[in-house]
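For reference, the structure is listed below as structure tokens.
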Protein chains: 2
Amino acid sequence: MAGVAPITVSRAINRPELVTKDTLEHVREVIARSGYVPNLLAGGLASKRSRLVAAIVPTIGNSIFAEAVECLTDRLGEAGYKVLLGLSGYPASREDELLATVLSRRPDAVFLTGITHSPESRQRLLAAKIPVVETWDLTPTPIDMLVGFSHEKVGRAVANYLIDKGYRHLGLVWASDERAAIRRRGFEDAAAERGVTDIKVAILPAPGNLKLGREGLAKLLDEAGDLDAVFCSSDALAQGVLTEAQARGLAVPGDLAIMGFGDLEFAPYTYPSLSTVRIDRRAIGLLSAEAMLARFGDRPFEKIVDIGFEIVERAST
Amino acid sequence: MAGVAPITVSRAINRPELVTKDTLEHVREVIARSGYVPNLLAGGLASKRSRLVAAIVPTIGNSIFAEAVECLTDRLGEAGYKVLLGLSGYPASREDELLATVLSRRPDAVFLTGITHSPESRQRLLAAKIPVVETWDLTPTPIDMLVGFSHEKVGRAVANYLIDKGYRHLGLVWASDERAAIRRRGFEDAAAERGVTDIKVAILPAPGNLKLGREGLAKLLDEAGDLDAVFCSSDALAQGVLTEAQARGLAVPGDLAIMGFGDLEFAPYTYPSLSTVRIDRRAIGLLSAEAMLARFGDRPFEKIVDIGFEIVERAST
DNA sequence: TTGAAAGCGGTACCAC
DNA sequence: GTGGTACCGCTTTCAA
């Protein structure tokens with residue numbers, strides 16, 4: 001329609017600096033007039049760059065992962081990439097199958113949640129020869145790149161924090177999630193080193209929610225009445241624990257201290273508020289995007305980024 | 001590698017019923033052994049079916065949209081489709097641009113939030129000739145299909161509900177969001193019909209959160225002390241209003257009744273809990289998926305699905 | 001700066 | 001039931 005070769009249109013769109021100003025204007029005018037929409041499937045096939053990034057997360061509903069995915073999507077979108085969403089569920093049993101189907105879309109990079117993946121998945125990821133960013137956890141041997149923090153350190157830090165404050169009768173209201181299990185181990189190890197053992201635990205199905213939190217505390221209190229501090233594997237559970245404590249007339253933190261995890265948006269402004277472990281979820285998405293973009297542009301990027309965490313003290317501990 | 005024509009491999013994967021059992025087994029064995037991963041970009045280009053569905057939502061972080069997208073993704077995933085995420089932000093100013101870039105991926109269907117789209121977007125959508133599902137709202141003239149509910153009716157229902165309960169000094173803590181504006185109009189119209197005017201309004205930026213909710217109630221109370229019921233444009237804001245009310249020593253619902261909107265997961269179990277308008281977010285995602293799948297299979301599906309809503313009464317009204 | 005030809009990796013169509 | 005051939009719509013490569 002524009003009276004030029006297809007390749008000139010391609011260049012006008014993708015590398016306008018290679019085209020004369022006049023040709024460029026003309027092609028653009030025809031594009032606008034004709035309503036031409038380039039077919040990126042075809043483009044991806046020919047160029048072997050799909051400009052698609054797969055994000056595999058357990059869930060995005062009411063969850064700490066949503067915000068990371070949101071940041072990832074935003075940042076990648078600026079650079080012309082779109083995010084393919086893969087929800088692996090809890091437990092991440094669907095990850096293998098999901099990864100296989102997602103890789104057949106030929107994404108240019110993959111964002112993964114967690115660091116434990118089946119040998120088949122690792123193999124497939126390696127074979128794809130694309131940037132892979134594992135997140136939400138730390139390991140010295142990532143598949144490729146990693147943006148996360150140490151769950152063991154979180155557990156240890158919270159145990160020491162609570163013990164420093166004088167609490168000795170500790171309880172956990174805990175979702176049966178892989179990374180939470182590592183936090184628990186860190187917590188129990190550090191507590192044991194300080195001479196605090198006999199930690200009560202209520203295990204609940206993941207993902208946690210307010211109702212499960214209430215049930216968790218109820219179970220804990222029915223079994224052991226002398227609890228003075230509870231650490232929860234998520235803020236959602238902590239909200240439930242707080243609710244149950246209030247319903248039972250317990251003063252927080254007077255009778256019972258409560259610590260959450262994740263620092264979900266609703267937490268910081270609640271009154272009386274929950275103490276929690278702040279994780280910079282936006283940083284996980286953003287840094288993952290930057291890591292991928294760096295690799296796309298052959299620029300160097302740190303292999304492992306530890307974004308750390310922070311204990312946020314509020315009225316409840 | 002299998003000693004058969006490419007098309008036979010294609011059939012073994014996509015239409016195994018057309019291939020002899022022996023050939024099928026052999027091809028499958030070779031596929032497993034070689035680690036062959038089909039290229040769906042190429043397949044999509046050739047077949048003109050990308051098996052991609054675009055979902056355009058304002059945001060997925062801490063939001064009512066995340067759950068709908070989750071259900072959509074799950075249901076479509078079962079059928080071999082993947083979801084391309086498009087985040088249009090608040091206000092949906094990026095929708096046009098987003099839609100253009102997303103359509104160049106040749107999705108087989110599009111999930112949209114809301115019913116107001118620019119003429120260019122409507123045009124592009126129509127030109128794509130694919131199923132389009134608009135959601136979260138109602139109109140007699142959708143682009144194609146629609147799964148939603150009437151925001152005007154929600155507003156009217158809440159006004160009548162509060163007035164029936166004897167509240168006369170009404171306030172709104174409201175995010176500046178398009179659909180919320182329609183609920184507000186319905187609320188004010190119905191209230192006016194019952195003789196209740198002079199409704200105080202605090203307008204806040206979207207999306208609402210707990211902190212903004214606190215600020216909203218503070219503003220309302222500072223301007224008009226005689227408030228006896230507040231309707232919030234989201235549960236997140238309502239949580240903030242509740243928090244601020246408690247901080248000021250107001251009894252809820254004795255001194256101040258509070259009504260939220262959306263029925264976010266944290267709300268149902270909070271104690272004392274918020275009354276709210278329950279929207280079946282999962283149904284929006286699921287029914288949208290079903291609508292698309294029906295159209296893919298040339299099966300009929302209702303053009304417009306009104307999922308309705310429900311006022312959930314709890315301690316706070 | 002622009003274009004011709006080839007091909008990316010599959011699937012549609014029709015013959016065998 | 002299986003295969004040959006053409007072609008999906010774009011980008012690569014190399015030549016002009």
Side-chain angles (χ1 to χ4, degrees), chain A residues 1-31 34-52 80-82 84 100-108 124 127-130 296 298, chain B residues 1-31 34-52 80-82 84 100-108 124 127-130 296 298:
Chain A
M1 276 184 70
V4 296
I7 182 61
T8 303
V9 178
S10 171
R11 284 199 271 252
I13 293 171
N14 301 312
R15 317 201 50 192
E17 72 278 11
L18 295 182
V19 174
T20 326
K21 204 179 151 205
D22 285 357
T23 325
L24 185 58
E25 274 176 17
H26 178 226
V27 169
R28 283 189 171 158
E29 195 265 322
V30 175
I31 286 177
S34 64
Y36 169 74
V37 179
N39 184 332
L40 260 50
L41 253 49
L45 177 60
S47 66
K48 301 185 175 307
R49 299 171 62 229
S50 64
R51 294 190 165 276
L52 246 31
Y81 290 81
K82 283 270 170 303
L84 256 183
T101 65
V102 119
L103 286 178
S104 65
R105 252 77 197 210
R106 296 295 188 270
D108 289 341
R124 269 198 274 264
K129 294 188 201 305
I130 52 176
F296 294 155
D298 271 322
Chain B
M1 275 183 71
V4 297
I7 184 67
T8 302
V9 178
S10 171
R11 283 200 271 254
I13 293 171
N14 301 311
R15 317 203 48 194
E17 71 278 10
L18 295 183
V19 174
T20 323
K21 206 179 151 203
D22 285 358
T23 328
L24 186 58
E25 274 175 17
H26 177 229
V27 170
R28 283 189 172 156
E29 195 266 321
V30 175
I31 286 177
S34 64
Y36 169 73
V37 180
N39 184 333
L40 261 50
L41 288 181
L45 177 59
S47 66
K48 303 190 175 305
R49 299 172 62 229
S50 63
R51 295 189 165 277
L52 245 33
Y81 290 81
K82 284 269 171 303
L84 256 182
T101 65
V102 121
L103 286 179
S104 65
R105 253 79 196 207
R106 296 295 186 268
D108 289 341
R124 268 198 274 262
K129 292 188 200 310
I130 51 176
F296 294 156
D298 271 323

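Residue numbers start from 1 in every chain, and the chains themselves are labelled A, B, ... in the order their sequence lines are given, proteins ahead of strands.
- Between B:Leu18 atom CG and B:Thr23 atom OG1 the span is 11.5 Å, to the nearest 0.5 Å.
- With C:dA4, C:dT11, D:dT2 as the choices, the nucleotide that has an atom nearest any side-chain atom of A:Ala5 turns out to be C:dA4.
- Atom NZ of B:Lys21 and atom NE2 of B:His26 lie 15.5 Å apart (nearest 0.5 Å).
- Put simply, the side chain of B:Leu24 does not reach to within 4.5 Å of the side chain of B:Arg11, judged on heavy atoms.
- Mapped onto DNA chain D by nearest heavy atom, B:Val4 and A:Val37 fall at different nucleotides, with B:Val4 at the one closer to the 5' end.
- Residue A:Asn14 places its side chain closer to D:dT11 than to any other of C:dG10, D:dT11, C:dA12.
- As a whole-Å value, the separation of B:Ile13 CD1 from C:dG9 P is 14 Å.
- Across the protein-nucleic acid pair, B:Leu40 atom CG and C:dT11 atom C1' stand 12 Å apart, rounded to whole Å.
- Contact check, B:Thr23 against D:dT2: a side-chain N or O comes under 4.0 Å of OP1 or OP2.
- One can find a donor-acceptor pair under 3.5 Å joining the base of D:dG3 and the side-chain atoms of B:Arg11.
- What separates CZ of B:Arg15 from P of D:dT2 is a distance of 14 Å, to the nearest Å.
- Spacing between atom CZ of B:Arg106 and atom C1' of D:dC10 amounts to 11 Å, rounded to whole angstrom units.
- Taking both residues in full, the closest heavy atoms of A:Thr8 and A:Val19 are given as O-CG2, 4.4 Å, listed atom of the first, atom of the second, then distance.
- Contact annotation: A:Thr8 side-chain N/O to C:dT2 OP1/OP2 distance is not under 4.0 Å.
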Name the pairs: protein N/O against N/O of nucleotides 6-8 of chain C, kept only if under 3.5 Å.
| from | atom 1 | to | atom 2 | distance (Å) |
| --- | --- | --- | --- | --- |
| C:dC8 | O3' | A:Lys48 | NZ | 2.9 |
| C:dC8 | O2 | A:Ala46 | N | 3.4 |

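- Between A:Leu41 atom CG and D:dC8 atom P the separation is 15 Å, expressed in whole Å.
- In this structure, the CE atom of A:Met1 is 17 Å from the C1' atom of D:dG9, given to the nearest Å.
- Panel note: side chain B:Thr20, backbone B:Asp22; no donor-acceptor pair is recorded below 3.5 Å.
- Map A:Ile7 and B:Pro6 each onto its nearest nucleotide of DNA chain D; the residue landing nearer the 5' end is B:Pro6.
- Spacing between atom CD1 of A:Ile31 and atom C1' of D:dC10 amounts to 13 Å, rounded to whole angstrom units.
- Distance check, rounded to the nearest 0.5 Å: CG of B:Leu84 to CZ of A:Arg105 gives 8.5 Å.
- The main-chain N or O of A:Arg51 is found under 3.5 Å from a side-chain atom of A:Asp108 such that the two form a donor-acceptor pair.
- Residue B:Val9 is out of contact with every strand shown, counting any heavy-atom pair closer than 4.0 Å.
- Protein atom NE2 of A:His26 is 15 Å distant from nucleotide atom C1' of C:dT2, rounded to whole Å.
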